Structures are given as C-alpha cells and as structure tokens.
**Q** 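Handing you a structure now.
In what follows, every heavy atom counts, from backbone to side chain, and hydrogens, waters and symmetry copies are set aside. Just so it is clear, the model here is predicted, and its values are computed rather than measured.
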Amino acid sequence: MTVIFVKIMNEELLHYLWKYEKFDFSNLRTTSLLPVIIQRVGDHNEMHSGPDFFNAQLIIDNQRWVGNVEVHIKSSDWYVHHHENDPAYDNVILHVVWEDDIEIFRKDNSVIPALQLKDYIDDSLLLRYQRLFQSKDKSWVQCEKQLSEVSDFTIFNWQERLYLERLEQKSVLISELLETSSNDWEAVLFKLLAKNFGLKINSEAFLSLANSFDFSILRKCSVHQKETEALFYGQANLLDADSDVLYVQELIGYYEFLKNKFGLTNQGVFPFHFFRLRPANFPTIRISQLANLYFKNRQLFIKIIQTKELDSFYELFNISASDFWKTHYTFSKESPGRNKTLSKSFIHLILINTVIPLKFVYAKSQGKDISEEILALISQLPAEKNTITDNFSNFGVVIEDALHSQSMIQLKNNYCDQKACLKCAIGNYLLNREGS
C-alpha cells in the first residue's frame, strides 16, 4: 500500500521517520539483503551543510560501522545533489531512501549500502500524516480541526518549551545591543525600554532616539528631571523653537546647553508618529514617562535584576509624566487635567518584552538558570488579546496567562505558518496517536 504515498513523501518526513525511529526494527535489511542493526541513528544535522545525520552507529552484515547517514527520496538524488564531488560525504555508512533506484558508489568504488525505508513504514502513520498535514482545505492552522483532541498535558508542556524558545529568540536582539553598547547592561536596558515605550508604531523611532547618544550622557542628566526630558525631546526633534509655551522654552534652553556640551546630533533619529494613536500613547507622553523613570531610579538595571515579585515591579514602574502633561497631550494644546501614569497593562508589556528577556539573558551570562523564576513571573501576567490567541482559544486551546499567549504567538509564527508540523509537539501527538 505504501506505493500510494509516493506523492506525499518528502525529505523532511523521511528525516522525521529516521530520527524518531518510526519504522519496523525487527528485520531490517539493505536493498542488497544485508542485515542491519541500528544502535544509534545519529545526530540530526539541521543547520549545516554535509550529511543529514552525524555519528550514527550501525551493524551491517555483522560489521560495526560508525559514521554518517544521508537521507534522500530516491538514491539517485545523491548525484542530483552532486555529493560524489563533496568530501563531506566520504564517511557516509548508510543511504536511507524511500526508493532505491540506483546504486551509489564511494570513491574507492565500494557500494554505499541503501536502506529502502518504505518497506518498513506502517501505512497508518503515513495516512495520518496525509490527513493532518497535507489537507487541501484552507485552514488557519493545519491541525485546527483536531486541536481539541490533544491532551492538556501535551499542550501545557509544549507551551513552556515554546515560551523559553521565544525568550531565546528575543535574546538575539539583546546580544546585538550588548555588542554595540560595549557590554553595558544599563545601556541595553535603556534601549530595550525605549523600544518598548514606543509600542509597535513608534518602536523604531524610540530605539533610534536611544541610540542617538551615549548612555553616559543620560547617567549625567538623569539627576535633573528637566534636563532628562530636554535630552529626550530635543533628540526626538519635538521642540518647536517658535513655541511661546514656557515649558517648551525651558526645555529648549536645557537642550541647547546639552547639545553644545556633549556635541549632540539627532540626524539619525526617525520621525515620531501620532496618527491613529490613543492620546495616552502619544510619544510626547511616553517620552516624559521614560524620562521620569530614569530620573526617579538610579541603577535601574540592578533593581530590575534583583526584583522578583510582581507587586514590586508595579511599585518600580509606578511612574507618571511630569506636571506639564497633566493638562496636555501635546505641547500646544491643553486638555482636561489627568495624571499620566503607566497603566498596569503597559507595565505588563514592559515585563513581557523587556524585563523578563533581559533577566533571562543576564542570568545565562552569569551561568545561572532562572527558568522557574521566569515561568512563575510570566504566569502571573494576564494573557494578551489578539487574533492569534483568539483563534487558538476558539479551537479549544486554554490561554489563561501571558505564558500561554506568548507561546501561542511563537507556535503560530514559527511552526504553523512555516508548516513545521513535524517539529511541533502537537503535530507529533496527532501523528503518533493510536486508532486515529
């Protein structure tokens, strides 16, 4: 019956079948009828050039072999991919194929043994693969109709792994910022916070603002509230020299002093956007809040690293915009009086996107594992609401907190959208369950 599955077979599936030993071990033989005993399938080479599996250990015709395994749909693909000209393939001890259509020779003219895997695969597994992952229906995710059938244990464990994987991905930006900031963790924290304060629309503008001056300048300015605000607004190019507002004129005076003292330039700072933003998220308000966070907190990085409890983070980020902004959202227009404090929902975003990733990377740099601490903290934050979380909820996935929502974002973007079902714990559960 396996002949009907020729069209669905692909190398990714073959890699999966070999890696996880999804075939009948009882009487393996090469296509030349030599008995094969698998002691170790080898290490999957997913990222680099060369054979697909390194350091396999096999016994072929009572002879023990240690070397590499190459996987192809057809054995003739060896020549299609020009492996005969690549020394990296000289140590291949077994050619695992779906169909053995031609003999493959080493440079010394000895034949590389071939294992035709289609002779040892359970048709029911291939049928499940075809039904689950090659449906022609237009689906939001491939397995959406079966998601409600996946065990809670499988999903919850996968969510934890997905979230830690997401933290690893966020570590890339932090590592890049460390490189460009001479390993100054305080400077990196500032850049991450600035990016976060800009939200999606102004994130790059805020980051360009943070990158436009050396953090040592902020260290010197942050002892004075208006100097700090002047530094930020001036670099953001938001101070209008023609304004008759006293607050603006004061900031311009401070900024001109700082500009001359430190040789500041804002030519590389991106423009800030106000369009389609709620007034509370205007860059004018967020800049003042960010400035006051640094005015009120010396050594903010150390405080964040040492803080573990959610209530303590709420206290640390209990920050308002300065007094002028109680009656303004822009420099030129007055509004009804209101304190412009950081909301809890905004603090949650700071924790999710800046604080927790930074704590994670810093702990790793110190050789510490704080996974349990991080999982405990993220689990206390409410789940984010967006199209991804809403859809997964509709398909029966429990999303109760930010760990769940962050993991589902990771799942959709890095697995579902990439059709990487064979690398997904949910896909594996559905593929390998009995009686389906």
**Q** Does any non-hydrogen side-chain atom of Val97 lie less than 4.5 Å from one of Val71?
**A** no
**Q** Hey, is Glu12 close enough to Lys19 for a salt bridge, meaning N to O under 4.0 Å?
**A** no
**Q** Does Phe213 have its ring centroid less than 6.0 Å away from the ring centroid of Phe262?
**A** no
**Q** Test Thr327 against Glu334 for side chain to side chain donor-acceptor pair (under 3.5 Å), laying out the working first.
**A** CA-CA 6 Å; Thr327 55; Glu334 286 198 32; 4.8 Å; no
**Q** Does the separation of the ring centres of Trp158 and Tyr163 fall below 6.0 angstrom?
**A** no
**Q** Would you say the side-chain atoms of Asn266 pair up with the backbone N or O of Gly234, donor to acceptor, closer than 3.5 Å?
**A** yes
**Q** For a side-chain contact (heavy atoms from CB on, under 4.5 Å) with Val96, tell me which candidate from Asp52, Leu17, Val69 qualifies.
**A** Val69
**Q** Between Arg433 and Glu149, does at least one N-O distance fall below 4.0 Å, as a salt bridge requires?
**A** yes
**Q** Aromatic ring centroids of Phe360 and Tyr362 under 6.0 Å?
**A** no
**Q** Would you check, one step at a time, whether the test ring-ring contact (aromatic ring centres under 6.0 Å, His included) holds for Tyr233 with Tyr255?
**A** CA-CA 8 Å; Tyr233 286 122; Tyr255 180 63; over 10 Å; no
**Q** Is there a side-chain contact between Leu251 and Phe331, using heavy atoms and a 4.5 Å cut-off?
**A** yes
**Q** Using the rule given for salt bridge (Lys or Arg N to Asp or Glu O under 4.0 Å), can you reason through Lys170 versus Glu165, listing the C-alpha separation, both sets of side-chain angles and the distance that settles it, and then say yes or no?
**A** CA-CA 9 Å; Lys170 290 183 177 182; Glu165 182 183 289; over 6 Å; no
**Q** Begin from the C-alpha positions of Asn386 and Thr389 and carry the test side chain to side chain donor-acceptor pair (under 3.5 Å) through to its verdict.
**A** CA-CA 5 Å; Asn386 51 50; Thr389 57; 3.2 Å; yes
**Q** Have Asp401 and Gln380 got a donor and an acceptor in their side chains that come within less than 3.5 Å?
**A** no
**Q** Do the rings of Phe197 and Phe346 sit parallel, tilted or perpendicular, given the 30° and 60° boundaries?
**A** perpendicular
**Q** Determine the minimum heavy-atom distance between Ile93 and Ala56, stating which atoms define it.
**A** CD1-O, 4.0 Å
**Q** Look at the side chain of Ser181 and the backbone N and O of Leu177, then say whether any donor-acceptor pair between them is shorter than 3.5 Å.
**A** yes
**Q** Look at the side chain of Asn428 and the backbone N and O of Leu422, then say whether any donor-acceptor pair between them is shorter than 3.5 Å.
**A** yes
**Q** For the residue pair Ala205 and Val269, what are the closest heavy atoms and their distance?
**A** O-CG1, 4.3 Å
**Q** For the CG atom of Leu115 and the NE2 atom of His95, what is their distance to the nearest 0.5 Å?
**A** 11.0 Å
**Q** Could you tell me if the ring centre of Trp140 sits under 6.0 Å from that of Phe392?
**A** yes
**Q** Quick check: closest heavy atoms across Ser75 and Asp100, and the distance to 0.1 Å?
**A** OG-OD1, 2.9 Å
**Q** Would you call the rings of Phe23 and Trp18 parallel, tilted or perpendicular, where under 30° means parallel and over 60° means perpendicular?
**A** parallel
**Q** With a 3.5 Å distance limit and no angle check, can you tell me whether Ser243 reaches the backbone of Asp240 through a side-chain donor-acceptor pair?
**A** no
**Q** Compare every heavy atom of Leu375 with every heavy atom of Ser379, then report the nearest pair and how far apart it is.
**A** OG-O, 2.6 Å
**Q** Kindly say whether Phe272 contributes a backbone atom to a donor-acceptor pair with the side chain of Asn202 at under 3.5 angstrom?
**A** no
**Q** If you take all heavy atoms of Leu209 and Ala236, which pair is closest and at what distance?
**A** CD1-N, 3.9 Å
**Q** Step through the shown structure and confirm whether more than 12 heavy atoms of other residues, nucleotides or ligands are within 6.0 Å of CZ on Arg338.
**A** no
**Q** Centre-to-centre under 6.0 Å for Phe25 and Tyr120, is that the case here?
**A** no
**Q** Step by step, work out the side chain to side chain contact (heavy atoms under 4.5 Å, CB included) result for Thr228 and Val223.
**A** CA-CA 8 Å; Thr228 308; Val223 295; over 6 Å; no
**Q** Assess, by modelled atom type and distance only, whether the side chains of Gln116 and Glu99 contain a donor and an acceptor separated by less than 3.5 Å.
**A** no
**Q** Holding to side-chain contact (heavy atoms from CB on, under 4.5 Å), I want the full list of residues that pass it with Glu186, two or more places apart in sequence or in another chain.
**A** Asp184, Leu189, Phe215, Arg219, Gln299, Leu300, Phe301
**Q** For the pair Lys359 (side chain) and Ile304 (backbone), establish whether a donor and an acceptor sit closer than 3.5 Å, ignoring hydrogens and angles.
**A** yes
**Q** Counting only N and O atoms by type, is there a donor-acceptor contact under 3.5 Å from the side chain of Arg40 to the main-chain atoms of Asn55?
**A** yes
**Q** How long is the span from the CG atom in Leu126 to the CZ atom in Arg131, to the nearest 0.5 Å?
**A** 12.0 Å
**Q** Return yes if a side-chain donor-acceptor contact under 3.5 Å exists between Thr341 and Asn339, otherwise no.
**A** no
**Q** Classify the ring geometry of Tyr16 against Tyr20: parallel below 30°, tilted from 30° to 60°, perpendicular beyond 60°.
**A** tilted
**Q** Are any non-hydrogen side-chain atoms of Leu351 and Leu381 less than 4.5 angstrom apart?
**A** yes
**Q** Can you confirm whether more than 12 heavy atoms, excluding those of Glu21, are under 6.0 Å from its CD atom?
**A** yes
**Q** Can you name the one residue among Phe313, Tyr314, Phe317 that meets ring-ring contact (aromatic ring centres under 6.0 Å, His included) with His348?
**A** Tyr314
**Q** Ignoring hydrogens and geometry, is there a side-chain-to-backbone donor-acceptor pair from Asn10 to Leu13 under 3.5 Å?
**A** yes
**Q** With no hydrogens and no angle check, do the side chains of His404 and Gln406 hold a donor and an acceptor under 3.5 Å apart?
**A** no
**Q** Please indicate whether Gln366 has more than 12 foreign heavy atoms, meaning atoms of other residues, nucleotides or ligands, lying under 6.0 Å from its CD.
**A** yes
**Q** Below 6.0 angstrom between ring centroids: does that apply to Tyr89 and Trp78?
**A** yes
**Q** Specify whether His83 and His81 have parallel, tilted or perpendicular ring planes, treating 30° as the upper limit for parallel and 60° as the lower limit for perpendicular.
**A** perpendicular
**Q** Is the closest basic N to carboxylate O distance between Glu46 and Lys423 below 4.0 Å?
**A** yes
**Q** Just wondering, more than 12 heavy atoms not from Lys74 lying within 6.0 Å of its NZ?
**A** no
**Q** Take atom CD in Glu250; do more than 12 heavy atoms of anything else shown fall under 6.0 Å from it?
**A** yes
**Q** Using the side chain to side chain donor-acceptor pair (under 3.5 Å) criterion, which residues pair with Gln249? Sequence neighbours excluded.
**A** none
**Q** Near Lys308 NZ, under 6.0 Å, is it more than 12 heavy atoms from other residues, nucleotides or ligands?
**A** no
**Q** For Ser288 and Ile285, indicate whether the former's side chain and the latter's backbone hold a donor-acceptor pair under 3.5 Å.
**A** no
**Q** Keeping Ser139 on the side-chain end and Gln142 on the backbone end, is there a donor-acceptor pair under 3.5 Å?
**A** no
**Q** Would you confirm whether the ring centroid of Phe324 sits within less than 6.0 angstrom of the ring centroid of Tyr329?
**A** no
**Q** Salt bridge between Asp323 and Lys326, side-chain N to carboxylate O under 4.0 Å?
**A** yes
**Q** Could you name each residue pair satisfying side chain to side chain donor-acceptor pair (under 3.5 Å) that touches residues 270-285, not counting sequence neighbours?
**A** Asn281-Arg286
**Q** Taking all heavy atoms of Asn413 and all of Gln418, pick out the closest pair and write down the distance.
**A** O-NE2, 3.2 Å
**Q** Give a yes or no on whether Lys22 atom NZ has more than 12 heavy-atom contacts from other residues, nucleotides or ligands under 6.0 Å away.
**A** yes
